[in-house]
Amino acid sequence: MSGRAGGRAAPGRGSRRSPGLVAVAFALVACSRGAPAVDRPNVLLVTVDTLRADRLGCYGGRVATPQVDRIAREGALFSSAACPMPMTRPSVSSIHTGRHPRSTGVVNNAIALGDGVPTLASSLQASGWRTAAFVGVRLLDTGAGIFPGFETYEAPPKRYQVPAAEVVEPAIRWVAQRDVTRPFFLWVHLFDPHLPYAPPDDSGNGARMEERGVTRRSLLEAAEDHGGDLPAPLFERALALYDDEIAYADRWIGKLFDALESRGLLDRTVVAFAADHGECFDHGIFFEHSDCLYDGAAKVPLLLRFPGRIRAGTRIDAQVELAQLAPTLLGLAGVARPVGMDRPDLFAPAAADDDPAAWALVQ
């Protein structure tokens with residue numbers, strides 16, 4: 001879908017810092033190590049669909065996202081992270097396998113991950129972790145092929161998508177009923193910033209979503225009625241609703257954090273936060289993300305928090321990719337990566353002595 005917008009949307013901007021100065025800053029905080037590192041930590045992976053990095057507070061955006069910002073403040077922020085493709089199944093498959101789409105074979109949303117491909121879940125399960133996934137869209141149900149290795153895997157059985165409340169609440173119940181003698185791996189995928197842009201209230205009444213917001217059809221019809229242009233009021237309304245959905249998702253991420261913290265689990269958990277891809281509001285044009293190669297779709301937020309192991313306030317400006325997340329999480333959990341998971345760890349230092357990645361981890 002495309003249409004020229006009535007107002008120009010600010011393109012994503014990735015700020016740069018002198019690597020040497022950043023490295024010095026990290027070295028100065030080496031004495032402040034926080035909580036001790038945990039052997040066999042829990043692992044929490046939170047992914048949010050269609051989330052632009054430049055809308056989040058911690059990336060300089062205008063949306064108030066205190067829960068996501070907390071991960072950045074207490075952990076590491078990657079300012080130049082990219083998805084492999086701006087499509088859900090290919091990108092999510094890369095997150096879980098540590099491989100590019102050309103390796104997984106998942107090159108569009110109609111293809112499932114093949115049998116026998118090692119994943120983050122299968123590796124952790126084989127090493128004794130309890131595993132569960134709660135996803136907010138049917139596109140990522142068991143038909144996506146990512147479910148092997150998950151003991152519990154819940155996706156919407158009837159509706160195509162459900163709001164964050166209906167994803168996070170069962171995830172919290174699962175955590176409360178966990179086997180306390182074993183670490184867990186929990187994946188939560190929220191779909192809220194995706195079209196239709198219609199944030200539900202906190203009651204989670206998903207049936208009202210399309211009635212309250214902007215849909216793909218309404219955008220297409222408006223563009224067609226105006227020679228390809230989107231009227232400025234409609235474009236601004238879409239942006240505002242998109243931001244409201246991000247804020248709504250952030251509140252439910254906070255409820256998940258509160259549940260972990262109340263049980264003394266949050267600081268014993270490696271927390272990873274990412275988006276599968278962004279959305280295209282760049283250069284005065286609105287595109288469906290899968291047709292877009294601007295930063296708005298390709299650049300994604302990527303954050304990691306693990307007190308005692310990842311220094312708080314770390315910022316890494318080097319270009320990284322989502323396929324590096326799985327080997328990084330296995331490394332932080334102390335689990336060997338499987339054969340074929342060949343992308344480098346996010347914290348592996350480059351040849352330069354002043355690479356900030358070299359200072360990110362407490363040894």
Side-chain angles (χ1 to χ4, degrees), residues 12 44-56 59 65 68 71 78 80-113 117 119-121 133-141 143-147 150 153 155-156 160-164 167-168 186-195 197 242 245-246 249-250 252-253 271-281 287-304 320-326 328-329 343 346:
L44 169 63
L45 171 61
V46 177
T47 51
V48 179
D49 217 289
T50 322
L51 175 61
R52 289 177 63 111
D54 64 3
R55 312 305 280 186
L56 299 171
Y59 282 86
T65 51
V68 174
I71 308 172
F78 295 84
S80 298
C83 68
M85 291 180 66
M87 300 179 73
T88 296
R89 276 192 180 179
S91 188
V92 169
S93 295
S94 287
I95 289 173
H96 283 273
T97 63
R99 301 184 183 188
H100 288 141
R102 66 174 179 267
S103 175
T104 64
V106 185
V107 295
N108 60 49
N109 282 336
I111 298 175
L113 185 67
V117 179
T119 63
L120 183 57
F134 298 87
V135 303
V137 61
R138 195 186 307 157
L139 181 64
L140 293 177
D141 65 10
I146 303 168
F147 69 92
F150 285 106
Y153 198 101
Y160 180 72
Q161 67 186 81
V162 295
V167 181
V168 173
L186 173 62
W187 173 38
V188 171
H189 182 83
L190 306 182
F191 199 68
D192 298 273
H194 196 285
L195 278 166
Y197 303 143
Y242 176 77
E245 288 202 329
I246 294 171
D250 184 77
W252 278 96
I253 291 168
V271 176
F273 177 87
D276 57 346
H277 53 74
E279 186 66 290
C280 247
F281 298 131
F287 288 108
E288 172 70 5
H289 47 263
S290 60
D291 299 323
C292 178
L293 294 179
Y294 290 132
D295 272 356
K299 184 176 179 179
V300 292
L302 180 57
L303 308 167
L304 283 163
V320 298
E321 55 184 333
L322 288 180
Q324 295 176 253
L325 188 52
T328 302
L329 292 176
R343 306 313 300 152
L346 286 164

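Qualifying side-chain contact (heavy atoms from CB on, under 4.5 Å) partners for Asn109, counting only residues two or more places apart in sequence or in other chains: Met87, Thr88, Arg89, Pro90, Leu139. Residues meeting the salt bridge (Lys or Arg N to Asp or Glu O under 4.0 Å) test with Arg343, sequence neighbours left out: Glu321. Under the side-chain contact (heavy atoms from CB on, under 4.5 Å) criterion, Thr328 pairs with Leu304, Leu332, Asp345, Leu346, Phe347, not counting sequence neighbours. Partners of Thr119 by side-chain hydrogen bond (donor to acceptor under 3.5 Å, both in side chains), not counting sequence neighbours, listed by chain and number: Ser122. Partners of Thr97 by side-chain hydrogen bond (donor to acceptor under 3.5 Å, both in side chains), not counting sequence neighbours: none found. Partners of Ala155 according to the side-chain contact (heavy atoms from CB on, under 4.5 Å) rule, which considers only residues two or more places apart in sequence or in another chain, are Val135, Asp141. Remark: Tyr153 engages Phe150 in a ring-ring contact (aromatic ring centres under 6.0 Å, His included) (not counting sequence neighbours).
Atoms CG and OG, on Leu325 and Ser94 in that order, are 11.0 Å from each other to the nearest 0.5 Å. To the nearest 0.5 Å, atom CG of residue Leu51 and atom OG1 of residue Thr65 are 8.5 Å apart. Taken to the nearest 0.5 Å, the CG atom of Leu113 stands 6.0 Å off from the OG1 atom of Thr104. The CD1 atom of Ile146 sits 4.0 Å away from atom OG of Ser93, with the distance rounded to the nearest 0.5 Å. Within the model, atoms NE2 of His277 and CG of Asp49 stand 4.5 Å from one another, a figure rounded to the nearest 0.5 Å. The line from OG1 of Thr50 to CD of Glu279 is 6.0 Å long, rounded to the nearest 0.5 Å.
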Should Tyr59 and Leu303 be marked as a side-chain contact (heavy atoms from CB on, under 4.5 Å) after you check the CA-CA gap, both sets of side-chain angles, and the distance that decides it? CA-CA 11 Å; Tyr59 282 86; Leu303 308 167; 3.9 Å; yes

Under the criterion side-chain contact (heavy atoms from CB on, under 4.5 Å), I'd like the reasoning laid out for His189 against Leu140: C-alpha separation, chi angles, the key distance, then a yes or no. CA-CA 9 Å; His189 182 83; Leu140 293 177; 3.5 Å; yes

Could you go through Val68 and Ile246, starting from their C-alpha distance and side-chain angles, then the distance that decides it, and tell me whether this counts as side-chain contact (heavy atoms from CB on, under 4.5 Å)? CA-CA 10 Å; Val68 174; Ile246 294 171; over 6 Å; no

Hey, mind stepping through Val92 and Trp187 against side-chain contact (heavy atoms from CB on, under 4.5 Å) and telling me if it holds? CA-CA 11 Å; Val92 169; Trp187 173 38; 3.8 Å; yes

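Asn108 contributes a side-chain N or O that, together with a main-chain N or O of Ile111, makes up a donor-acceptor pair within less than 3.5 Å.
The side-chain heavy atoms of Gln324 and Leu302, taken from C-beta on, include no pair separated by under 4.5 Å.
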